[in-house]
Amino acid sequence: DGGITQSPKYLFRKEGQNVTLSCEQNLNHDAMYWYRQDPGQGLRLIYYSQIVNDFQKGDIAEGYSVSREKKESFPLTVTSAQKNPTAFYLCASRRQSYNSPLHFGNGTRLTVT
Amino acid sequence: SQQGEEDPQALSIQEGENATMNCSYKTSINNLQWYRQNSGRGLVHLILIRSNEREKHSGRLRVTLDTSKKSSSLLITASRAADTASYFCATDSSGNTGKLIFGQGTTLQVKP
């Protein structure tokens, strides 16, 4: 079955450490996205990538970094510069970067203490 | 920036009743999409309506789009307890920028 895999489901880190969240898709989608969701809130766009080796900042990119070296993979690094990193992180992909729906992974819940 | 603003924030109804959620947005769009999220899970796509469409149906779901008012509504008819979830609208801005921006969502509770 095709889909998006995010790992791990739960992640715990100490303050000051960088952490990388994994996102892999086997849907052959061109575009991939990272969103952050805080309790009871909507999704806020962190970064997105429309093609391999290219990505754009979303609305809350500060303190995050991404890479898109392969079509299937779009890892997100939460750096120590991110002031409030504890959140639910959702990765998504879609066939093309417009006029198509997003397919979501099941998310990674990151807790930083 | 949140493109979509939804109301109500929360909605509680009895099984069998209809549920209506509204979404307003600010800029020109290519399309508007509705998603559903069960607690602690990823979102699932429900319907995509293009800017040149006014109404779309999928099973018990009916979506309308009024580009002059920059608003959309999602109607769930004959609701079931299994419809309990959060519902989000998302807008694909015109110009094919690739940005898909979500609203704050409506939490729907359907009581059996």
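In the text below, chain A, chain B and the rest are named by the order of the sequence lines, each starting its count at 1. Both backbone and side-chain heavy atoms feed into the values below; hydrogens, waters and symmetry mates do not.
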Is it the case that atom CD in Gln14(B) sees more than 12 heavy atoms from other parts of the structure closer than 6.0 Å? yes

Among residues 71-92 of chain A, which residues come closer than 4.5 Å to chain B, judged by heavy atom distances? Phe88(A), Leu90(A)

Quick one: list whatever passes ring-ring contact (aromatic ring centres under 6.0 Å, His included) with Tyr35(B), sequence neighbours left out. Phe104(A), His45(B), Phe102(B)

Atom NZ of Lys57(A) with >12 non-hydrogen neighbours under 6.0 angstrom: no

Inter-residue atom distance Asn106(A).CG - Asn38(B).CG, 0.5 Å rounding: 10.5 Å

Joint hydrophobic cluster, Leu21(A) plus Val66(A), side-chain heavy atoms closer than 4.5 Å: yes

Same cluster or not: are Ile4(A) and Val52(A) linked, directly or through other Ile, Leu, Val, Met, Phe, Trp or Tyr residues, by side-chain heavy atoms under 4.5 angstrom apart? no

Engaged part of Gln9(B) at the chain A interface, taking heavy atoms whose separation is under 4.5 Å: neither

Treating Gln104(B) as the side-chain partner and Gly42(A) as the backbone partner, does any N or O pair qualify as donor plus acceptor under 3.5 Å? yes

Could you go through Leu43(B) and Leu43(A), starting from their C-alpha distance and side-chain angles, then the distance that decides it, and tell me whether this counts as side chain to side chain contact (heavy atoms under 4.5 Å, CB included)? CA-CA 10 Å; Leu43(B) 280 70; Leu43(A) 279 66; 4.0 Å; yes

What part of Gln37(A) gets within 4.5 angstrom of chain B, counting heavy atoms only: side chain, backbone, both, or neither? side chain

Picking from Asn31(B), Leu48(B), Leu100(B), Asn30(B), which has the most non-hydrogen pairs under 4.5 angstrom with chain A? Leu100(B)

Using modelled atom types and a 3.5 Å cut-off, is there a donor and acceptor pairing between side-chain atoms of Gln50(A) and backbone atoms of Thr97(B)? yes

For Asp92(B) versus Arg94(A), what's the shortest heavy-atom pair and its separation? OD2-NH1, 2.7 Å

Is the number of heavy atoms from other residues, nucleotides or ligands within 6.0 Å of CD (Glu62(A)) greater than 12? no

Tell me, do Ile101(B) and Arg44(A) make a side-chain contact under 4.5 Å, heavy atoms counted? no

With a 4.5 Å cut-off on side-chain heavy-atom distances among I, L, V, M, F, W and Y, is there a chain of contacts connecting Tyr35(A) to Tyr64(A)? no

Any donor-acceptor pair under 3.5 Å from Gln56(A) side chain to Gly98(B) backbone: no

What part of Arg50(B) gets within 4.5 angstrom of chain A, counting heavy atoms only: side chain, backbone, both, or neither? side chain

Membership question, hydrophobic clusters at under 4.5 Å side-chain separation (ILVMFWY): are Phe55(A) and Leu102(A) in the same one? no

Shared hydrophobic cluster, Ile60(A) / Phe88(B) (ILVMFWY, side-chain heavy atoms < 4.5 Å): no

